[in-house]
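Take a look at the structure set out below.
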Amino acid sequence: MESPHFGDRIQKEGDAIRKLLTRPSKTKINDLLNNFSVRELAADLQKVAPTMWGVLTSVSLREGKSRRNKELVFTAICAMLSVVRSQKANNFQVIMGLFLLGSGAAKREIAVFAQAGLSVNYSSVIEHVKALSEENLRIIQQVVKKFMCSVAWDNINFAFRVESQRLTSKDHFDSGTTSTLIIQQDPETNTPALHGTLPLNMKPSRKTTKQIIKNHSSLLLPPVEDTRRLDECLLWQLKQVALEHKSELAHLKIQFPSCPSIEQITPHVTQQYPLPAMHEDESSIDGTINVYDTIMRNLKLTNDDMKKHGLMFTDGDLLTDSLVDKVESARRNNNEPIEGMKASIRRFGLFHCKMSGARMVVNQHWGKPNSPWPGSLWWEHTNLLGRKPMSAGWQSKKSAPWKQSHELLQMSLAAHILDGFRIHCGHQDFDTWASEASMEEFNVVAEKVYHNLFTSTAFEKESEAAEPDIVFMNNILYNRDVLYYWLLVTSIKAGDIGRVILVLRVWMVMMRAPKTMPRYANAIFETLGRLQEYPEKLKKIFLHNWLVNLTGKPNGFKEVDLLQEHTNFWIKVIYDAKGVNRSWEWLSMISVCIYSLRDAMRKVQTSFDIPVYGTRHTIPDMSNEIRRITMKLQEEKIQQHVSSRPANNEVEPVKDLLSEGSKYANKRSAFSKYQEEDYMMVNLGFQDESLVETVDWDDEDEGDEEEYQLTPEDLAMDEEEPISMADELVDVAISIMDS
DNA sequence: GAAAAGCAGGATATCAGCGC
DNA sequence: GCGCTGATATCCTGCTTTTC
């Protein structure tokens, strides 16, 4: 150790460390972020500075084992030393600075870390973020010049909470819009679609205010083939749930085939780029026009560029969709691709649609709260499971929360299916049967369960019985409806857009039942109607990009609007932390970087062995809940015909959404919004009043006008997003604002 | 020796809290 | 309702350090 060359050697090593942590001038922040790895850095440091490392090891040596990961500390020490030697040898500190900013650290915290040598100075962090923002914007502008993209946008609200209200300072909302650019995949080649894939003339021109949908009957009457395939999928879904939740059937799992595929999206990693947020409220026609213009400006797209690019999908929730429709309608005589919206193809978000579907099922089958009689979702939710009260039912003013609804449906469906198997397995002891059943036996029983408990036919059969059992009938309807929902959920995850469409076709009718959700019914109808008009190629790309997949894994598909909601969530985390001085300029700068910042945060956290996913998103075991429901179902004989059941005098029969909805669909005026108006042409004299259709299917203005506000809980249902971490960040952000 | 990167400190803005 | 204070943040400027 005490050799005369020691000082020399250690100085050389110091220089080597400096080189290791220095980057060439004008290095892209993105590259720096992507190439950063503490593990690699530790290995490199040991290689170039063995003496230094040896010193550190000796200094910290003690008897017994330390729990601390020494490598991490040594790496940090070396990085701190290097920045003392040369302030530009700060690769490590820059990453840490971005991490701190992304975590919502205040200026003074960053300043402390900067002085300690763990981070760069606050002003440098800001400069780097700005550089990053510009880099990302450049990238986006290049991407949109080459690939065929879609834009998604959604409203974002910031609540400004004022602690002491004054005339000039009250709680208020600031509405803005965030948007994302998404590269579209060409299903033919399974590569990103290039410019000109869908020329502008593929979009049928619009000549009237209303979006005209031709051939209503083919939409409303699904082909027999489709009905048969939907049946197959539903039956598969029923079997799958049974296998998943009955451990005695586990031996059959290996032989169990995957769901019949209707139209599968080939797994691929979807590239997405957040665009600058804008202080522009989309929720008016003017607002939507401004939003669209701003997006185009940010993308630096001109009309000529758009002609080269071809058609561009616009994704968003129902509100966005209907607003874009109105703009399209108003500007139908303008032939420019951008101003006349000639390039945009609307696509409504399936996530919001899925949530509505869950709400529809829960509301319809919620039953009468506080009713002593068994056999409703309220009974299962509140009475059996003692879950936190939630408001549901069509009468309820508040929308049922999606996460809770979804969970309830999941548990309840499993219980109903298992109880069905118990009834129809033809064996005294269900467990024994299950552990011995062969695949053939399982299939036979599954068919019985399906046909006796899960179909409209079963419902009709019971209703025609001499003495119909209302509780049983309600139960069959519920079973049928919840199975549709669950099939949609699994199909979205699996990325089989064909199956999604099959369910949507059913929902389109169901959501048309009086007092439900006509707007979604209209949206589905209109979208499917447009789809059947589109050229084959456009239709295919439309469908195959309706879902995105961030990981490229087979079961990793999700809805585009969910993506946008996640972006909004992250923007809020990072933005809220900035406290009083937040501005929309700042926000539009930071919003382009949010995924870069998030990646930096993940990287730093994983590097330092801090689990990113918090309590690793495991779905808590629900078998106890399922067991409790099955027991009660069995006890109360809910899923069997019971003649003169006492409850039947009290329980209201649930309306059949499907047949109620069909009544509407069978009307001549069905979806008249999308029919050509031919009745104003000739006056054939006065119509006999009795012939005039009297039922007023009051369209737009009823139903759920107010939009359901997503909660962090809803977003946390997504397994890929470490929202639990974000939750902590929000807390930090709030504490900063409060302090 | 020029250009780039880093940093400190002043200028400026915003807002809550407080007293009048 | 106004003006002051204190706290916090960003922006701007000019200086220093570093690198090629």
Side-chain angles (χ1 to χ4, degrees), chain A residues 11-12 14-33 35-36 78-135 138 158-174 176 276-277 279 571-594 597 600 729-730 732-739:
Chain A
Q11 205 181 352
K12 276 202 182 116
D15 198 51
I17 294 173
R18 179 189 62 81
K19 281 210 180 87
L20 208 55
L21 286 159
T22 311
R23 60 194 178 280
S25 163
K26 291 191 179 175
T27 304
K28 295 261 185 290
I29 311 281
N30 274 310
D31 294 340
L32 180 64
L33 277 174
N35 298 330
F36 180 77
C78 289
M80 287 159 88
L81 291 174
S82 86
V83 86
V84 174
R85 202 186 156 103
S86 159
Q87 65 178 5
K88 288 198 182 187
N90 61 1
N91 286 1
F92 182 88
Q93 284 77 5
V94 168
I95 304 277
M96 288 298 280
L98 291 175
F99 164 71
L100 287 169
L101 191 81
S103 306
K107 187 187 172 184
R108 50 163 192 255
E109 281 126 312
I110 297 182
V112 169
F113 280 95
Q115 293 301 324
L118 272 167
S119 157
V120 285
N121 193 295
Y122 180 79
S123 53
S124 296
V125 178
I126 298 286
E127 261 169 44
H128 282 127
V129 172
K130 283 187 180 164
L132 187 63
S133 172
E134 265 175 42
E135 264 174 40
R138 276 298 119 64
F158 288 100
F160 286 84
R161 290 262 307 283
V162 173
E163 256 166 63
S164 339
Q165 289 193 30
R166 292 292 180 279
L167 284 174
T168 48
S169 107
K170 288 181 175 154
D171 283 7
H172 64 283
F173 275 106
D174 236 13
H279 189 188
I571 286 178
K572 282 195 171 180
V573 170
I574 291 167
Y575 185 60
D576 276 352
K578 290 295 111 187
V580 291
N581 277 9
R582 43 199 193 174
S583 71
W584 283 96
E585 289 73 47
W586 203 83
L587 182 62
S588 61
M589 187 270 294
I590 201 81
S591 58
V592 186
C593 312
I594 50 161
L597 281 178
L729 295 183
V730 173
V732 172
I734 290 169
S735 72
I736 287 168
M737 288 176 78
D738 288 350
S739 64

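Proteins come first, then strands; the chains are lettered A, B, ... in the order of their sequence lines, and each starts at number 1. Since we're looking at a predicted model, the values are computed, not measured. Excluded from the calculations below are hydrogen atoms, water molecules and symmetry mates; all remaining heavy atoms, backbone and side chain alike, are included.
The minimum heavy-atom distance linking A/His128 with A/Val94 is given by the pair CE1-CG2, 3.6 Å.
For A/His128 and B/dA5, the shortest distance from a side-chain N or O to OP1 or OP2 is not below 4.0 Å. Neither OP1 nor OP2 of B/dA5 sits under 4.0 Å from any side-chain N or O of A/Asn90.
For residues 110-124 of chain A, no residue pair satisfies the salt bridge (Lys or Arg N to Asp or Glu O under 4.0 Å) rule, not counting sequence neighbours. Residue pairs meeting the side-chain hydrogen bond (donor to acceptor under 3.5 Å, both in side chains) criterion with at least one member in residues 90-102 of chain A, sequence neighbours excluded: A/Arg23-A/Asn90, A/Arg23-A/Asn91.
In this entry the distance linking CD1 of A/Ile110 with P of B/dG6 reads 15 Å, nearest Å. Atom CD of A/Gln93 is separated from atom C1' of B/dG6 by 12 Å (rounded to the nearest Å).
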Quick one: what's the B/S/- string for nucleotides 11-20 of chain C, heavy-atom cutoff under 4.0 Å, read 5' to 3'? S-----SBS-

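For A/Asp15, the salt bridge (charged side-chain N to carboxylate O under 4.0 Å, His left out) partners two or more places apart in sequence, or in a different chain, are A/Arg18, A/Lys19, A/Arg85. Under the side-chain hydrogen bond (donor to acceptor under 3.5 Å, both in side chains) criterion, A/Asn35 pairs with no residue at all, not counting sequence neighbours.
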Just distance, no hydrogens or angles: give the donor-acceptor pairs under 3.5 Å from side chains in residues 114-121 of chain A, sequence neighbours left out.
from	atom 1	to	atom 2	distance (Å)
A/Asn121	OD1	A/Ser123	N	3.0
A/Asn121	OD1	A/Ser123	OG	3.2

